[in-house]
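Step one of this worksheet: look at the structure below.
Scope of the values below: all heavy atoms of this structure, side chains included, with no hydrogens, waters or symmetry mates. Here is the naming used below: chain letters follow the sequence lines, and residue numbers restart at 1 for every chain.
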Protein chains: 2
Amino acid sequence: MRKEKIPDVVVRRLPLYLRAVEDFDRREHVVVSSQELGDFTGLTSAQVRKDLTFFGEFGKQGIGYDVKFLRMQLREILRLTTDVHIGLAGLGNLGKALVHYRVDANSRQRARFPVSPDRLRISAAFDVDPAKVGTVYAGVPVFHIDQLTEKVQEYGLRIMVNAVPAEYAQEVVDRVVASGIKSILNFAPVTLTVPDTVRVHSADLTLELQSLAYYAE
Amino acid sequence: MRKEKIPDVVVRRLPLYLRAVEDFDRREHVVVSSQELGDFTGLTSAQVRKDLTFFGEFGKQGIGYDVKFLRMQLREILRLTTDVHIGLAGLGNLGKALVHYRVDANSRQRARFPVSPDRLRISAAFDVDPAKVGTVYAGVPVFHIDQLTEKVQEYGLRIMVNAVPAEYAQEVVDRVVASGIKSILNFAPVTLTVPDTVRVHSADLTLELQSLAYYAE
DNA sequence: GATTGTGAACGGATTCACAGCA
DNA sequence: TGCTGTGAATCCGTTCACAATC
C-alpha cells in the first residue's frame, strides 16, 4: 500500500515531475538526472531525489533515472494509467470553458505527443437549467444535478469539478460528498466545509488576484 | 513602508481574512475574535493573531477586532482601496469565461453586498486574432498583443492574467514582463521562467487534477 | 567520475502558553 | 474574565554533504 503518510506538498509536486519526465521522453532522452528534473521544475536536485524516494528507489547511482521507467512509475503513483473520469458541476461560462480546456489540451496532446495521452476526461456534466439538461455539450452529456449519485456510479466519476455560482457551491459540494466522491476541484470563491476524508483543491481566482494585488506595481 | 519581509504564506492568507471579516460585517457583527476568524477560514486562532500582527496591532485585548476597522486595514494592506486594473492575455474560451467570472462576481456582489465592492477589474484584453482585435467583449476592449506595453501604461494595468495556449505562454509572459508588470496569474499548463522581481501565481488545472487523482476514490 | 539515496543540520512556519490589558 | 500579542517550544519541510554504487 502507498499512502503511508506522504506529505501533501510532495504529492502536489509529482505532476510537475511527470510533466518534466514526459518532456524529456518527448525529446528522446533515455535517462534523466535529478539535477535536470530540478532545472526543469525549478526545484533543487536534493528535493527531487527526496520526493521520489518516498515511493521507491527509481534511480541508478552514477547514471540517473530511466526516463520511460520513471514516467510509468509516476503515472502509476498518480493513478493515471487508466482513464480518470471527471464530473463537472455547473455548465455556465466557466464550465463550458473547462470542457474545451480539457478537450483542446487532449487533442493537441494526442496530435503532437502521442506517447503521453492524458488520462483525465470530463465524462459528464451537471446543471439545473432545463435548456441544458438532456443535451450533449462538446461531446459531454449534461444531466440534472438530481441525477448526480446515479451518474457518478454509471460513469465511474472519481473527481468532481465545481463550477457553479458561489451561492450554490456549498449545497452542490454537500451532494457531491454524499455521492461518495473523494476529490473536488473547486472554482467557487467560498470556503467550503467538507468531511476530512474528502480532499478539496481550490482554484479560487479571487484569492489569487487579491494576493497578487499586494505585490503589484 | 510595508513589505519588510512578510512571508508569502501570510500574504496568501490575507484575502481569506478579508473574506471572513466581510462576511461578519455583512452579518452586522461589530467585533470579531481571532477564534471566529479561525473557524471561518479553517485556521487556528494563534495563526490568525500572528499573521495580523505582521501589519500592526489591530485588536483590543479582552474584546477582539473591530470588524469595520479590520476590514479597512486588510483592504489597505492588499491595496484594494482603489480599482485594480487587470489585463487579460488570450480571449479564447477560458479568457471569455474569466471576463464573465469577474463581471458576474462584481455585479452579484454589488447587488447583494453594496458594502464590499470588489476593486478588481479586467480593463483590457489582448489577442492576436484579427477578428477579435478592435472589438469590445462584454465591455472589455480587445487590443493586439503588440500594443501590450502601450496599453499597460494607458490603462494602468497592474496584473496580467495569462490565458493563452500553452505553446505561446512563455513568449507572452516575456512580453508582459517587458511591459513592466510585476504580477501574473497564469493558466497555461507550463513552467514559466521569469525574473525574480516578478511574481507568478499559477492556476494550473492539469496539475491540480493530476494531484487530485492521487487521492481519488 | 557521476549521480543516487539518506542521515544530519538547518530554517521557517505553526502552535503553545502566558503575561498584559480592557 | 476574555481575548490579544508574543517569546519559546515544536513541528515539518528543505538543504547539506557524503557514503554507496554504477
Side-chain angles (χ1 to χ4, degrees), chain A residues 2-17 20-21 24 29-74 77 196 211 214, chain B residues 2-17 20-21 24 29-74 77 191 196 207 211 214:
Chain A
R2 316 160 23 268
K3 198 136 326 171
E4 1 79 22
K5 241 7 67 51
I6 310 291
D8 184 51
V9 279
V10 174
V11 174
R12 283 176 161 276
R13 280 192 293 264
L14 296 178
L16 235 30
Y17 301 142
V21 83
F24 281 97
H29 290 222
V30 175
V31 295
V32 64
S33 67
S34 58
Q35 181 65 52
E36 289 172 306
L37 291 173
D39 291 345
F40 189 97
T41 55
L43 302 165
T44 66
S45 62
Q47 178 95 81
V48 173
R49 293 198 300 280
K50 189 139 264 191
D51 283 353
L52 293 178
T53 53
F54 271 103
F55 303 94
E57 307 197 354
F58 301 135
K60 286 196 178 58
Q61 285 160 327
I63 307 292
Y65 300 87
D66 181 277
V67 168
K68 289 199 186 299
F69 177 71
L70 181 57
R71 172 175 167 272
M72 188 46 70
Q73 290 299 316
L74 286 168
I77 292 163
D196 54 10
S211 59
Y214 176 87
Chain B
R2 317 160 21 269
K3 197 137 325 169
E4 0 80 23
K5 245 0 74 46
I6 310 291
D8 184 51
V9 278
V10 174
V11 174
R12 282 176 162 277
R13 281 192 294 264
L14 295 178
L16 236 31
Y17 301 142
V21 82
F24 281 97
H29 290 222
V30 174
V31 294
V32 64
S33 67
S34 59
Q35 181 64 52
E36 290 172 305
L37 290 173
D39 291 346
F40 189 98
T41 55
L43 303 165
T44 64
S45 62
Q47 179 95 80
V48 174
R49 292 198 300 279
K50 190 138 264 190
D51 284 353
L52 293 179
T53 53
F54 272 103
F55 303 95
E57 307 197 356
F58 301 136
K60 286 194 180 59
Q61 285 162 327
I63 308 293
Y65 300 88
D66 181 278
V67 168
K68 289 198 184 302
F69 176 71
L70 181 57
R71 170 175 168 273
M72 188 47 68
Q73 289 299 316
L74 286 168
I77 292 163
T191 305
D196 55 11
L207 258 33
S211 59
Y214 175 87

Range on DNA chain D touched by chain B, heavy atoms, distance below 4.0 Å: D/dG2 to D/dA8
Roughly how far apart are B/L70 CG and B/I77 CD1, rounded to 0.5 Å? 8.0 Å
Return the value, rounded to whole Å, for the distance between atom OH of A/Y65 and atom P of C/dA2. 18 Å
Heavy-atom side-chain contact between A/T41 and B/T191 under 4.5 Å: no
Inter-residue atom distance A/R12.CZ - A/D51.CG, 0.5 Å rounding: 13.5 Å
Judged by nearest nucleotide, the residue sitting upstream toward the 5' end of DNA chain D, A/Q47 or B/G59, is B/G59
Solution key, residues 31-38 of chain A side-chain donor-acceptor pairs under 3.5 Å, sequence neighbours excluded:
unit_1, atom_1, unit_2, atom_2, d
A/S33, OG, A/Q35, N, 3.4
A/S33, OG, A/E36, N, 3.1
A/S33, OG, A/E36, OE1, 3.4
A/S34, OG, A/R49, NH1, 3.1
A/Q35, NE2, A/D39, OD1, 3.1
A/E36, OE1, A/S33, N, 2.9

Could you check whether any side-chain heavy atom of A/Y214 comes within less than 4.5 Å of a side-chain heavy atom of B/P15, counting everything from C-beta outward? no
Less than 4.5 Å apart, any side-chain heavy atom of B/F55 and any of B/V10? yes
Decide yes or no for A/L43 and A/Y17: does some side-chain heavy atom of the first lie under 4.5 Å from some side-chain heavy atom of the second? yes
Identify all side-chain donor-acceptor contacts of residues 57-66 of chain B below 3.5 Å with residues at least two apart in sequence or on another chain.
unit_1, atom_1, unit_2, atom_2, d
B/D66, OD1, B/K68, N, 3.2
B/D66, OD1, B/F69, N, 2.8

Double-helix bend of the helix from C/dG1-D/dC22 to C/dA22-D/dT1, axes at both ends from 5 pairs, round to 10°, gives 10°
Within residues 32-41 of chain A, residues whose heavy atoms come under 4.0 Å of DNA chain C: A/S33, A/S34
Beyond-backbone contact of A/V67 with A/V30, side-chain heavy atoms, under 4.5 angstrom: no
Separation of C/dT14 P from B/L43 CG (nearest whole Å): 9 Å
Heavy atoms under 4.0 Å is the rule here; annotate nucleotides 16-22 of chain C 5' to 3' with B where the base is hit, S where only the sugar-phosphate is, and - elsewhere. -B--BBS
